[in-house]
Amino acid sequence: MLNFEFKNPTKIIFGKGEISKIAAEIPKDQKILITYGGGSIKKNGVYEQVMQALQGHEVLEFSGIEPNPTFETLSKAVTLVQKENVDFLLAVGGGSVLDGTKFIAAAACFEGDSWDLLAKQAPFEKALPLGAVLTLPATGSESNGGSVITKKATQTKLPFGSPLLFPQFSVLDPTVTYSLPEQQISNGIVDAFVHVVEQYLTYPVNASIQDRFAEGLLLTLIEEGPKALENQEEPNYEVRANLMWAATMALNGLIGKGVPQDWATHMIGHELTALHGIDHARSIAIILPNMMQVRRTQKRAKLLQYAERVWNITTGDEEAIIDQAIQKTREFFESVGVPTRLGDYGVKEQDIPAIIEQLTNHRMVKLGEQREVTPEVSRQILELSL
Ligand code: NZQ
Ligand code: ZN
């Protein structure tokens, strides 16, 4: 196992009816800005619950944070926060609203061009405190310090992060996921699955706990994911609860400690989203099976472990076992309604050079746990994904 430090300061408040507890988490004298997206929270009652809970607090609102939140939109919120001297940010929504709010938290205290937080990974020592009411289990943003922001003007989507950006608390009420459209339920299952794989399927370092936790999360997603899609008119609380907690656990830092991490699939996926508007989860569902295929030699030991412990594939020679594990992964994504080919999203061979160019522009030229995913390797993966 590799050396590590682990601290996750986010308080999780989990369960039905728990939104009311936010009142106790934010001091009464703090001026709050509630941030949200395109209005789903007004249709499913979440907005009302939040407002009810915050009676007696001074509350402002900023709406319109879009999926794949943009620097352009968020900069307007930063201006508002500075003008109104906001003390506390409360993100109410999915990963995009949470990520956008983390950017607002950092940018509001940052002197200079706040895009440098992303483009130059500019260090920062201050950020506003934030909390979250999560409405879409997928990204893990509710319990980590990461954020991914898009600059519309240059079609650039980049990650940044800091321990300062962990939410102080996050409310996870599985019943608020009942209003999710099917596409977003599917996206959440796949995103969480790929988060686990990016931290698990590298090379062995004898990290038994991390491996077993990761395998437990993958098995849970395989078992519970399809159930969430089965009967959406009458959602099952236990199924939604297990999915929600699985997605949080997939990227709250725990399973990634003391082990090598990959993330090449995510970085290539971000370029697909920025250039072609493909949903985040769908972009990585396209890349992951061929990431496994192209890097099967380097990932061999873990691929065999994954095949046996997650997919129960035990017979055949080792190459055939790996082939089956990759095929099972692709079939799982397809079975929860997520197509896995570039062609399914209208992306063609002639689009590949621009994707490679963007990866190079963004210095994504030595990706993966062994830093061997060069633009040439990324090209190979994309070509196999057509
Ligand atoms: O905007 P509203 O109206 O709220 O609608 C949203 C949005 O259209 C809707 N939605 C959310 N909760 C709902 C709901 N509709 C009905 N009922 C509900 N309960 O769903 C749509 C998609 O929301 P979005 O927040 O964009 O989805 P997701 O949670 O998948 O977030 C994706 C973003 O997170 C980033 C991605 O790159 C992408 O930008 N990620 C963040 C990570 C992190 N911070 O650690 C890691 C991830 O790998 C990922 O990169
Ligand atoms: Zn992701």
Side-chain angles (χ1 to χ4, degrees), residues 10 19 34-47 49 62-71 73-74 91-103 118 130 132-150 157-162 165-167 170-199 232 235 240 243-244 247-248 250-253 256 261-274 277-285 287-288 338:
T10 302
I19 292 177
I34 294 183
T35 52
Y36 57 98
S40 69
I41 65 163
K42 292 218 164 155
K43 294 192 200 118
N44 61 12
V46 172
Y47 175 85
Q49 289 184 59
F62 183 86
S63 64
I65 298 178
E66 56 280 81
N68 308 306
T70 66
F71 171 73
T73 298
L74 300 167
V92 187
S96 294
V97 172
L98 271 60
D99 281 11
T101 306
K102 291 175 181 178
F103 174 79
L118 289 298
L130 66 130
V133 176
L134 182 71
T135 64
L136 198 176
T139 64
S141 188
E142 65 278 10
S143 187
N144 68 41
S147 165
V148 191
I149 305 297
T150 300
K157 186 177 186 199
L158 293 174
F160 85 120
S162 159
L165 298 179
F166 277 81
S170 283
V171 181
L172 277 59
D173 177 345
T175 65
V176 311
T177 72
Y178 292 177
S179 59
L180 281 171
E182 180 166 326
Q183 175 166 340
Q184 300 302 340
I185 301 173
S186 308
N187 284 355
I189 297 163
V190 169
D191 195 19
F193 192 96
V194 181
H195 291 161
V196 177
V197 170
E198 296 261 41
Q199 300 165 89
Q232 291 170 54
R240 297 302 180 104
L243 270 188
M244 201 167 204
T248 300
L251 200 51
N252 66 358
Q261 299 192 13
D262 184 341
W263 299 110
T265 294
H266 266 70
M267 294 309 129
I268 301 173
H270 288 337
E271 304 300 354
L272 289 176
T273 302
I278 301 172
D279 287 359
H280 169 64
R282 288 161 198 257
S283 75
I284 53 183
I287 300 299
L288 185 71
V338 174

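Remember, it's 1-based here, ligands and their atoms both numbered in the order they're listed.
Heavy atoms of Asn68 approach ligand 1 to within less than 4.0 angstrom. Residue contacts with ligand 1 include Pro181, since one or more of its heavy atoms lies under 4.0 Å from the ligand. Within the 4.0 Å heavy-atom shell around ligand 1 one does not find Gly140. Contact between His270 and ligand 1 is present, with at least one heavy atom of the residue lying under 4.0 Å from the ligand. Heavy atoms of Glu66 stay at 4.0 angstrom or farther from ligand 1. Residue contacts with ligand 1 leave out Ile41, since none of its heavy atoms falls under 4.0 Å from the ligand.
Rounding to the nearest 10°, we obtain 120° for the angle at the Zn ion (ligand 2) between His266 NE2 and Asp191 OD1. Put simply, the angle at the Zn ion (ligand 2) from NE2 in His280 to NE2 in His195 is close to 170°, to the nearest 10°.
Ligand-side atoms of ligand 1 in range of Leu251: 45 (O), 46 (C), range being under 4.0 angstrom from any heavy atom.
Summary of contacts: the protein heavy atom closest to atom 10 (N) of ligand 1 is Ser40 OG, 3.8 Å. Closest protein heavy atom to atom 44 (N) of ligand 1: Asp99 OD1, 2.7 Å. The nearest heavy-atom contact from the protein to atom 11 (C) of ligand 1 is Thr135 OG1, 3.5 Å. The nearest heavy-atom contact from the protein to atom 25 (O) of ligand 1 is Ser96 N, 2.9 Å.
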Checklist entry - What do the steps show when you test Thr248 against Glu142 for side-chain hydrogen bond (donor to acceptor under 3.5 Å, both in side chains), and what is the final call? => result CA-CA 7 Å; Thr248 300; Glu142 65 278 10; 2.6 Å; yes

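Counting heavy atoms from C-beta outward, Glu271 and Ser283 have side chains that stay 4.5 Å or more apart. Proximity of Val194 to His280: side-chain heavy atoms (C-beta onward) are nowhere separated by under 4.5 Å. Counting only heavy atoms from C-beta outward, the side chains of Ile185 and Arg240 approach each other to under 4.5 Å. Residues Pro69 and Ile149 meet the side-chain proximity criterion, which asks for heavy atoms closer than 4.5 Å.
Once rounded to the nearest 0.5 Å, the distance linking CG of Leu272 with NZ of Lys157 reads 10.0 Å. For the atom pair Ile65 CD1 and Thr35 OG1, the distance stands at 4.5 Å (nearest 0.5 Å).
Between Lys102 and Ser141, the side chains place a donor N or O and an acceptor N or O closer than 3.5 Å (distance only, hydrogens not considered).
Proximity of atom 32 (C) of ligand 1 to the protein is indicated by at least one non-hydrogen atom lying closer than 4.0 angstrom.
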